[in-house]
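See structure below.
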Amino acid sequence: MPSLAEREGALLCDTYRRLPITLVSGEGCWVQAEDGRRLLDLVGGIAVNVLGHCHPEVVEAAGRQLRRLMHTSNLYHTGEPVELAARLVRSAFPGRVFLCNSGAEANEAAIKIARKWGQLHRGGAHTIVTLEGAFHGRTLGTLAATGNPHYSAPFQPLPNGFLQVPRGDLGAVEAALRDRSRPVVAVMAEPIQGESGVHPLGDQYLRGLRELCDRHEALLILDEVQSGMARTGSWWAHQPAGAVPDVMTAAKGLGGGLPLGAVLVAGRADVLEAGDHGSTFGGNPVACAAGSAVFEVIGRDRLWERAATVGDQLREGILGLAQRGLPVSEVRGRGLLLGVGLDRPIAPLVVQEALAQGVLLNAIGDRTIRLAPPLVISDDEVELAVARLAGALERAGTAS
Ligand SMILES: Cc1ncc(COP(=O)(O)O)c(C=O)c1O
């Protein structure tokens with residue numbers, strides 16, 4: 001009898017490097033493996049499981065909707081997408097919403113909005129400025145926005161019309177906006193870059209982007225796919241800066257574990273008309289019902305406050321490990337989106353050792369461990385997480 005990994009190798013395209021563990025169920029911050037192990041999940045499905053695994057209120061809302069109406073397409077009216085959009089708007093800024101199924105799809109829509117806006121209002125300007133270290137998705141358009149050959153080299157040619165500038169350098173953005181040979185229609189950025197290793201752009205920088213976009217008549221697109229949904233101490237990571245975007249994209253935590261993406265478009269950029277864009281599953285009632293339940297629980301339990309407090313506790317705990325001589329050099333990020341910088345290239349080894357200690361971690365490159373646990377993680381679970389991380393760092397440090 002072939003193992004699951006062997007059957008997977010025969011049947012699924014080889015696009016992922018999976019850890020040698022099979023997960024079968026989950027509850028709160030814990031997942032259960034087929035071999036009986038229980039693991040503390042500090043990855044949260046890569047910043048998706050904001051309320052943990054199988055949160056009863058999300059399961060109840062999705063289950064109720066599953067039994068009532070699973071799918072209709074967008075040929076008809078249904079209430080669930082409207083309810084979700086109302087909650088999304090209330091959490092962020094006034095505007096209207098396009099619903100889809102993933103982060104890449106949301107960003108693809110944002111790019112199309114910027115291009116149409118450029119045709120209507122900027123004489124056909126279409127260049128979009130993005131930042132080095134960005135990650136906006138895996139479709140051809142979002143790969144072009146991501147601008148990292150590591151992800152895009154085998155898939156050339158990519159759509160043109162993207163220009164990448166160094167992260168953190170407002171002067172470089174301004175120079176791009178001033179360049180009339182390549183008129184810029186939008187600047188697109190993640191308030192906290194996730195996939196590059198958790199790098200916050202900083203509030204002052206975000207305000208700078210807003211001012212530059214205003215001054216040069218460009219749209220500001222903020223990709224909150226990873227940083228949003230209360231994870232960083234506010235509903236959306238840009239909010240402490242007070243720099244409101246024209247277009248904001250969301251996904252990951254939005255559906256609490258079901259596929260759901262969204263683009264929130266302020267009035268100024270609201271250019272899409274019937275027939276311009278669409279998605280068969282976009283606004284799926286089950287995903288939207290789950291999403292509304294996620295908004296309800298986060299809002300009711302003020303989980304952004306919890307993310308901030310418990311995130312500080314986790315950060316302090318990890319910085320304490322550095323003082324004990326473990327190979328931690330810094331902790332980046334905000335709230336419960338943290339990047340633990342290591343002083344030597346052992347991140348994949350730390351992840352393996354952590355698995356043996358009963359905790360799920362995620363490595364970005366070989367010097368960063370990303371932590372994006374559920375926002376409902378308890379104080380005791382944070383303490384346990386730090387203790388197990390210490391064990392993993394110790395063993396990986398010794399083995400290296
Ligand atoms: C900031 C950001 N944008 C977009 C994406 C793409 O989202 P998805 O994988 O749902 O297409 C990701 C995924 O990691 C992301 O972190």
Side-chain angles (χ1 to χ4, degrees), residues 71-89 92-130 134-146 155 158-162 184-190 213 218-226 228 236 244-252 254-255 258-288 291-292:
H71 175 76
T72 59
S73 85
N74 283 299
L75 296 174
Y76 316 100
H77 298 281
T78 47
E80 292 71 27
V82 181
E83 177 61 30
L84 177 78
R87 290 173 183 273
L88 177 53
V89 167
F93 53 87
R96 292 199 298 177
V97 177
F98 174 80
L99 291 169
C100 53
N101 312 285
S102 69
E105 216 188 328
N107 285 330
E108 196 72 38
I111 292 165
K112 287 176 75 173
I113 288 167
R115 287 198 168 181
K116 182 164 182 198
W117 188 83
Q119 284 190 16
L120 291 176
H121 301 296
R122 289 282 317 283
H126 63 267
T127 297
I128 297 180
V129 172
T130 66
F135 185 85
H136 297 297
R138 304 268 195 170
T139 60
L140 288 176
T142 57
L143 276 179
T146 293
F155 309 113
L158 299 181
N160 58 24
F162 295 87
V184 169
V185 74
V187 176
M188 181 172 187
E190 301 148 81
C213 286
L219 297 179
L220 178 60
I221 303 172
L222 292 182
D223 175 347
E224 292 259 18
V225 166
Q226 187 158 160
W236 305 98
V244 183
D246 302 296
V247 179
M248 179 184 88
T249 58
K252 288 197 184 274
L254 189 62
L258 289 186
L260 184 58
V263 189
L264 173 55
V265 191
R268 169 178 183 235
D270 192 344
V271 290
L272 292 182
E273 295 168 305
D276 274 345
H277 195 51
S279 165
T280 298
F281 284 113
N284 170 271
V286 178
C288 287
S292 286

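Only this structure's heavy atoms are used, side chains among them; waters, hydrogens and symmetry mates stay out. Along the sequence shown, the residues carry numbers beginning at 1.
Between Arg87 and Glu83 there is a salt bridge, with a side-chain nitrogen of the basic residue lying less than 4.0 Å from a carboxylate oxygen of the acidic one.
Of the inter-residue distances, the one linking Leu84 atom CG with Asn284 atom CG reads 11.0 Å to the nearest 0.5 angstrom. We find the CZ-CG distance between Arg268 and Leu219 to be 5.5 Å, quoted to the nearest 0.5 Å. Rounding to the nearest 0.5 Å gives a distance of 11.0 Å between OG1 of Thr78 and CG of Leu75. Within the model, atoms OG1 of Thr139 and CD of Glu108 stand 3.5 Å from one another, a figure rounded to the nearest 0.5 Å. Taking CD1 from Ile221 and CE from Met188, the interatomic distance works out to 5.5 Å, rounded to the nearest 0.5 Å. Annotation: the span from Thr146 atom OG1 to Leu158 atom CG amounts to 9.5 Å, rounded to 0.5 Å.
Under a cut-off of 6.0 angstrom, the local environment of CZ in Arg122 is crowded, with over 12 non-hydrogen atoms contributed by other residues, nucleotides or ligands.
Contact detail for Val225 and Gly103: the closest heavy-atom pair is CG2-CA, 3.8 Å. Taking each heavy atom of Cys288 and Pro81 in turn, the nearest pair found is SG-CA, 3.7 Å. Across all non-hydrogen atoms, the minimal contact from Ala287 to Pro259 is CB-O, 3.5 Å. Residues Ala104 and Gly137 approach most closely at CB-CA, 3.9 Å, considering heavy atoms. Nearest heavy-atom pair, Ala110 versus Val247, reported as atom, atom and distance to 0.1 Å: CB-CG1, 3.8 Å. When all heavy atoms are compared, the tightest approach of Pro159 to Ala144 is O-CB, 3.6 Å.
Between the side chain of Glu224 and the backbone N or O of Met248, no donor-acceptor pair lies under 3.5 Å. In this structure a side-chain-to-backbone donor-acceptor pair under 3.5 Å is missing from Ser279 to Cys100. Proximity of a side-chain donor or acceptor of Thr249 to a complementary backbone N or O of Val263 within less than 3.5 Å is not detected. Formation of a donor-acceptor pair under 3.5 Å by the Asp246 side chain with backbone atoms of Ala269 is not found in this model. Looking only at distances, a side-chain donor or acceptor of Asn74 sits under 3.5 Å from a matching main-chain atom of Gly282.
By the 4.5 Å heavy-atom criterion applied to side chains, Ile128 and Val185 are counted as neighbours. The side-chain heavy atoms of Gln119 and His126, taken from C-beta on, include no pair separated by under 4.5 Å. Contact check for Leu272 versus Ile113: side-chain heavy atoms found under the 4.5 Å cut-off. Side-chain contact between Val265 and Phe98 is absent, with no heavy atoms from C-beta onward closer than 4.5 Å. When side chains are defined from C-beta on, Phe162 counts as touching Ile111, because their heavy atoms get closer than 4.5 Å.
For Ala250, the side chain to side chain contact (heavy atoms under 4.5 Å, CB included) partners two or more places apart in sequence, or in a different chain, are Trp236, Leu254. Taking the side chain to side chain contact (heavy atoms under 4.5 Å, CB included) definition, one finds that Gln226 meets it with Ala47, Glu195, Lys252, Leu337, Arg370, sequence neighbours left out. Scored by the side chain to side chain contact (heavy atoms under 4.5 Å, CB included) test, His121 finds Trp117, Val271 as partners (sequence neighbours excluded). In this structure, the side chain to side chain contact (heavy atoms under 4.5 Å, CB included) partners of Val89, at least two apart in sequence or on a different chain, are Val97, Leu264. Taking Lys116 as the reference, Glu273, Asp276 meet the side-chain hydrogen bond (donor to acceptor under 3.5 Å, both in side chains) condition, with sequence neighbours excluded. Residues satisfying the ring pair (Phe, Tyr, Trp, His ring centres under 6.0 Å) test with Phe281, not counting sequence neighbours, are His71.
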